[in-house]
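Ligands are counted one by one from 1 in listed order, and the atoms in each one are counted from 1 as well.
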Amino acid sequence: MFEAITQNLTEALGNMARGKLSESNIRDGMAQVRHALLEADVNYDVAKDFCDRVTEEAVGEQVLKSLKPGEQIVGIVYRELVNLMGPVDHSIELRRGEMTVLMMCGLQGSGKTTTCGKLAKMLKEEGAKPMLVAADLQRPAAIEQLKVIGEQIGVPVYAEPADRSSPVKVCQNGRKEANRQGCNILILDTAGRLHVDDALMKELIEIDNRLMPHQALLVCDAMTGQDAVNSAKSFNEALELDGVILTKLDGDTRGGAALSVKAVTGVPIKYIGVGEQLDRLEQFHPDRMAQRILGQGDVATLLETATRVLDEDEMARQQQKMLEGKFSLDDFLKAIDQMKKMGPMKSLMKLIPGMGQIAGAMDELGDMDPDKDVKRLRAMIQSMTLDERQNPDRIDRSRRNRIAQGSGTDPAEVNDLLKQFKGMSGMMQKMAGLSATDRFREVQKLQREMMNPAGQMQREKQRSKRGPVDKDKLRDKRKQQRKQAKQQRKKNKRKR
Ligand SMILES: Nc1nc2c(ncn2[C@@H]2O[C@H](COP(=O)(O)OP(=O)(O)OP(=O)(O)O)[C@@H](O)[C@H]2O)c(=O)[nH]1
Ligand SMILES: [Mg+2]
């Protein structure tokens, strides 16, 4: 998400921080910032106003006279970014004995139906009892799509045959049914159109007038950039939106929509869609987004995802085993599987401060993919016997060759894995005997090492230079080596 803008902004701010700051080079630097924003498809007026505000604050005497003016400017940019996108109130009020109605609207294909499902799932997990209403009678398959989603998340769906009903009627009957079933949130999935047109607006305004939803939420596709912002403006004029849900932020979006929607329409982004699966919905936090855009990671989201998807008991069990020095390769495999639940490695890396740019560089290199590495690790461990996973010390040369062959890797890689694992286990055991402060220091050291994946990159480069492993050639080479070793042994014997 937003790699280009992050790179351009950090470059512009970095340049400012390095040189001696004066009013004129602040203005030059801010011109570069403006360029970065426009390139990310931020609305022209929004980018201009933003830079004017930051410049005004930055050329203030206090900033220039301060000890670290460069850092102060980053601080101002951060604060202004947060102001640009916020504030946001995520609350959805649930009143006893009253049905909360949420109306979702948006252009065709923006992700309304999927987002209805995601939101229903999120609300259900928070203890609410939602019901989905299939109010899109435009597209024949829409009703079926919502029913399938409802089934997946265990939420009831109210629908009527498209040819014998109208959107308003379905919504009204849906509310009755929801009352009957004791639900407390009604989510209306309305129809989309290719463009904002009168027929669509009329249909939505009618639902709005009759159902009087507590919140009208616009679903916007972030990939469409300024078009999304313009449609938000039109929808807001007709419906008075309460919030925007920006979808497809997991894709190759430049960030323009996320940065401009609030400033152009006055309506905040409340949620973001970060994947097709129904658990890929996050609350939108302007401060976290600003941190991500400035390349400072987003640890809060990382921790939230971890608490949501990781199996706490399993984690506690693994930690205990680590501290007791009983952590096996089998546990390592389980830990990898837990990590995978949190999403693709590359998107996780972008949430860790300082790792975002490394993940970006990997994207550029193309063939460097941490998820592929995880797959290789899995393949190697799965090619080991249970006994080998518990006692990696028993893995000798011939076993190593077998594992490499079974997993389509090469023996050097298996060796690397075993070495790394040994190092890790040793460290864990060492940590078990340390005080909390020393343990913290060790973790920091480990983090620093992780932040410098130079060794890893070099290995990747070598691997891609070597090309895929030619197993026959490798076997011949090993045979040759064994023969030479045998001859050497004979020679040594004769000497003795
Ligand atoms: N990658 C990604 N895909 C998404 C996201 N949200 C929705 N999609 C995909 O976008 C496509 C359209 O989603 P729908 O939910 O059918 O969109 P819609 O607005 O209901 O479409 P209409 O009913 O035809 O107007 C589907 O393939 C979804 O899987 C998201 O956050 N990320
Ligand atoms: Mg739909």
**Q.** Atoms in ligand 1 flagged as close to Val274, the criterion being non-hydrogen separation under 4.0 Å
**A.** 31 (O)
Q: Tell me which one of Lys248, Lys118, Gln277, Arg139 gets a heavy atom nearest to atom 24 (O) of ligand 1.
A: Arg139
Q.
Here's a test for you: under side chain to side chain contact (heavy atoms under 4.5 Å, CB included), which of Leu186, Leu188, Asp189, Val157 qualifies with Leu132?
A. Val157
Q) So which bit of Met223 gets within less than 4.0 Å of ligand 1, heavy atoms only: side chain, backbone, both or neither? A) neither
(Q) I need the atoms of ligand 1 closer than 4.0 Å to a non-hydrogen atom of Asp136, numbered in the order shown. (A) 23 (O)
**Q.** Donor on one side chain, acceptor on other, Gln215 and Lys270, under 3.5 Å
**A.** yes
Q) Can you find a side-chain donor-acceptor pair between Asp331 and Ser328 that sits under 3.5 Å? A) yes
Q.
Treating Thr100 as the side-chain partner and Ile185 as the backbone partner, does any N or O pair qualify as donor plus acceptor under 3.5 Å?
A. no
Q) Counting only heavy atoms not in Gln181, do more than 12 sit closer than 6.0 Å to its CD atom? A) yes
**Q.** Glu177/Arg180 ion pair, N-O < 4.0 Å
**A.** yes
Q: Measure the distances from the heavy atoms of Ser110 to every atom of ligand 1 and state whether one is below 4.0 angstrom.
A: yes
(Q) Below the 3.5 angstrom mark, is there an N/O of Leu249, backbone or side chain, next to an N/O of ligand 1? (A) no
Q) Okay, side chain of Lys118, backbone of Arg280: is any donor-acceptor separation there less than 3.5 Å? A) yes
Q | Subset of ligand 1 atoms that lie under 4.0 Å from at least one heavy atom of Gly275 | A | 2 (C), 5 (C), 30 (C), 31 (O), 32 (N)
Q.
Given Asp189, Thr253, Asp250, identify the one with the heavy atom nearest to atom 2 (C) of ligand 1.
A. Asp250
Q: Run the numbers for me: atoms of ligand 1, each under 4.0 Å from some heavy atom of Glu276, listed by number.
A: 1 (N), 2 (C), 3 (N), 4 (C), 27 (O), 28 (C), 29 (O), 32 (N)
Q. Side chains of Arg139 and Gln145: is there a donor and an acceptor less than 3.5 Å apart?
A. yes
Q) Is it the side chain (CB and beyond), the backbone, both or neither of Arg280 that lies under 4.0 Å from ligand 1, heavy atoms counted? A) neither
Q) Just which atoms of ligand 1 are under 4.0 Å from any heavy atom in Gly273? A) 31 (O)
Q. Between Arg53 and Asp49, is there a side-chain N and carboxylate O pair less than 4.0 Å apart?
A. no
(Q) Assess the residue pair Asn236 and Thr265 against the criterion (side-chain hydrogen bond (donor to acceptor under 3.5 Å, both in side chains)); give the C-alpha distance rounded to whole Å, side-chain angles, the decisive distance to 0.1 Å, and a yes or no. (A) CA-CA 7 Å; Asn236 189 40; Thr265 63; 5.3 Å; no
Q | Closest approach of any protein heavy atom to atom 25 (O) of ligand 1, naming residue and atom | A | Lys112 NZ, 2.8 Å
Q: Could you find the nearest protein heavy atom to atom 16 (O) of ligand 1 and give me its residue, atom name and distance?
A: Gln145 NE2, 2.9 Å
(Q) For atom 12 (C) of ligand 1, what is the closest protein heavy atom, and at what distance to 0.1 Å? (A) Gly109 O, 3.8 Å
Q. For ligand 1, which atoms, with element, lie under 4.0 Å from some heavy atom of Thr114?
A. 7 (C), 13 (O), 14 (P), 15 (O), 28 (C)
Q. Has Gln145 got an N, O or S atom lying less than 2.8 Å from the Mg ion (ligand 2)?
A. no
**Q.** Proximal ligand 1 atoms for Thr113, defined as those under 4.0 Å from one of its heavy atoms
**A.** 15 (O), 18 (P), 20 (O), 23 (O)
(Q) I'd like to check Gln291 versus Ile293 (side-chain heavy atoms, cut-off strictly below 4.5 Å). Are they in contact? (A) no
